[in-house]
Amino acid sequence: ENTQKIVEACDFKMELGKTKLPTFPLPAGETAEEYLEELCWAGIEKRYAKDDPKVIERLKYELSVVAKTGFAGYFLIVQDFVNWAKQNRIVVGPGRGSAGGSLVAYLTNITNVDPLKHNLLFERFLNPERISMPDIDLDFADRRRDEVIKYVAQKYGQDHVAQIITFGTMAARAVVRDVGRALQYTYSYCDQLAKMIPMGMDLAEVLEKVDEFKDKYETDHMAKRLIDLAKKLEGVARHASTHACGVVISEKPLTDSVPLQRSTREGEEGIITQYEMHAIEDLGLLKMDFLGLKNLTIIEDTLARIYVLHNNLKID
């Protein structure tokens, strides 16, 4: 009864599907579109000949699409922390996925892949006919990834940035083992049953397609009981952890739109969202993938060693 009174006292409408990008600090009197265009023209001077008509035509087209879709702020936010990372000698990946098709991303130093040279399609990344948030996956040296996240948090506010939760669910094999353990069946019995399940199949599909499993279900009352219970629990969230790369950046404090909790990782003190990444996207919040790659750390260490050796410096 008291819970219901609280419900009636609350008036909260969850707004879905509307993009809520954080505000990027702009030079006085300039719009996001104008400032992005400035950065792109500066990029042309570094990457191409100024008067290349093919480059200018492609740039004008991409900028018109970016303006139409309202994502100029998105590019400014991304180029800012990518360039900060590069200026601080953090190795950043050259670009991955559909973002490689964007000339704007190339000119603002987000990617390092020339889309014109490699004939890559911009529409694969951002399509004016089907407007959806562009997705730039970013790779950083794994040892220094947290530095980039801290920079973003300092720029937009500690209460505007968080890592994202992810839920491990009970797949068919795991749920058979877990239910069997709860029923106090022997490990060998549960293991035998679980190994009959092909990877990637759910229990309903296994009962339909795997004769051995179906026979066990129909002739063994212990197996039937276990499988019936397992079917009810299949797909249920088993545990929570921090997403390997997902970071959310919001315009307003995250507590206005997302429940938060402390990180589930031992020894970590960070804050993570209680909504997983798809719900974060549905709310219109900016979700970025900051992936830490060990290979980039190896490259970073190699470059540092080359610098030391070729400058006759002492190595610690």
Side-chain angles (χ1 to χ4, degrees), residues 7 10-26 30-36 62-82 96-99 101-102 104-105 108 110-111 122-138 148-167 237 240-261 263 270-291:
V7 171
C10 294
D11 181 23
F12 176 74
K13 291 180 181 175
M14 191 175 282
E15 191 177 29
L16 300 176
K18 184 181 177 184
T19 304
K20 306 178 187 77
L21 288 175
T23 304
F24 181 81
L26 295 164
E30 288 196 53
T31 65
E33 287 76 16
E34 288 168 346
Y35 186 51
L36 179 62
E62 286 197 19
L63 287 172
S64 71
V65 174
V66 171
K68 179 182 175 183
T69 54
F71 290 131
Y74 175 85
F75 282 93
L76 292 175
I77 290 163
V78 177
Q79 66 80 30
D80 175 67
F81 64 73
V82 168
R96 177 160 52 88
S98 61
S102 170
V104 171
T108 53
I110 294 169
T111 61
F122 174 67
E123 289 78 10
R124 176 72 181 81
F125 172 63
L126 192 58
N127 195 320
E129 305 303 320
R130 186 171 174 269
I131 297 172
S132 59
M133 181 80 81
D135 186 23
I136 300 177
D137 295 328
L138 297 157
V148 186
I149 297 174
K150 281 178 184 174
Y151 169 76
V152 173
Q154 286 166 2
K155 180 141 192 153
Y156 299 100
Q158 296 288 345
D159 54 348
H160 293 239
V161 177
Q163 293 192 68
I164 298 172
I165 204 167
T166 185
F167 296 103
S241 58
T242 305
H243 193 279
C245 55
V247 174
V248 60
I249 311 168
S250 71
E251 180 185 13
K252 296 178 181 177
L254 282 167
T255 46
D256 288 2
S257 54
V258 181
L260 304 173
Q261 70 173 57
S263 172
I271 299 296
I272 60 172
T273 65
Q274 289 187 42
Y275 288 162
E276 48 78 51
M277 64 177 183
H278 299 295
I280 293 291
E281 289 172 336
D282 290 343
L283 284 170
L285 298 174
L286 175 58
K287 185 214 58 131
M288 297 296 309
D289 286 337
F290 291 59
L291 194 65

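Fair warning: this is a prediction, and the values are worked out from it, not measured in the lab.
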Worksheet item: Is there a side-chain contact (heavy atoms from CB on, under 4.5 Å) between L291 and D137 once you walk through the steps?
Response: CA-CA 8 Å; L291 194 65; D137 295 328; over 6 Å; no
Practice prompt. Show your working on side-chain contact (heavy atoms from CB on, under 4.5 Å) between M288 and I249 and close with a plain yes or no.
Written response: CA-CA 8 Å; M288 297 296 309; I249 311 168; 4.1 Å; yes
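A distance-only check finds no donor-acceptor pair linking the side chain of S102 to the backbone of A99 [under 3.5 Å]. A donor-acceptor pair under 3.5 Å is absent between the side-chain atoms of E281 and the main chain of H278, judged by distance alone. A donor-acceptor contact shorter than 3.5 Å links the side chain of E276 to the backbone of A279. Here the side chain of Q154 pairs no donor or acceptor atom with the backbone of Y151 at under 3.5 angstrom.
Shown are I149, I280, T273, V148; of these, the side-chain contact (heavy atoms from CB on, under 4.5 Å) with V247 is made only by I149.
Taking the six-membered ring for Trp, F24 and Y156 have ring centres at least 6.0 Å apart.
A pairwise comparison of heavy atoms in L260 and Q274 identifies O-NE2, 2.7 Å as the closest pair. Shown here for P22 and S250, the closest heavy-atom pair between the two residues is CB-O, 3.8 Å. The heavy-atom pair separating K155 from P25 by the smallest distance is CE-CG, 3.8 Å. Closest non-hydrogen pair, K287 versus D289, comes out as NZ-OD1, 3.2 Å. In this structure, S257 and L285 approach most closely via the heavy-atom pair OG-CD1, 4.0 Å. What you find for I77 and F81 is that their closest heavy atoms are O-CD2, 3.2 Å.
A 4.5 Å side-chain heavy-atom check between V161 and V248 finds every atom pair outside the cut-off.
Rounding to the nearest 0.5 Å places CD1 of I272 at 4.5 Å from CD of Q261. Distance CD/E34 to CG/L63: 12.0 Å, rounded to 0.5 Å. To the nearest 0.5 Å, atoms CG (L138) and CZ (F290) are separated by 6.5 Å. With rounding to the nearest 0.5 angstrom, the CZ atom of F75 is 7.0 Å from the CG atom of L36. L76 contributes atom CG, which lies 8.5 Å from atom CD of E33 (distance to the nearest 0.5 angstrom). Atoms CD and CZ, on E62 and F122 in that order, are 4.5 Å from each other to the nearest 0.5 Å.
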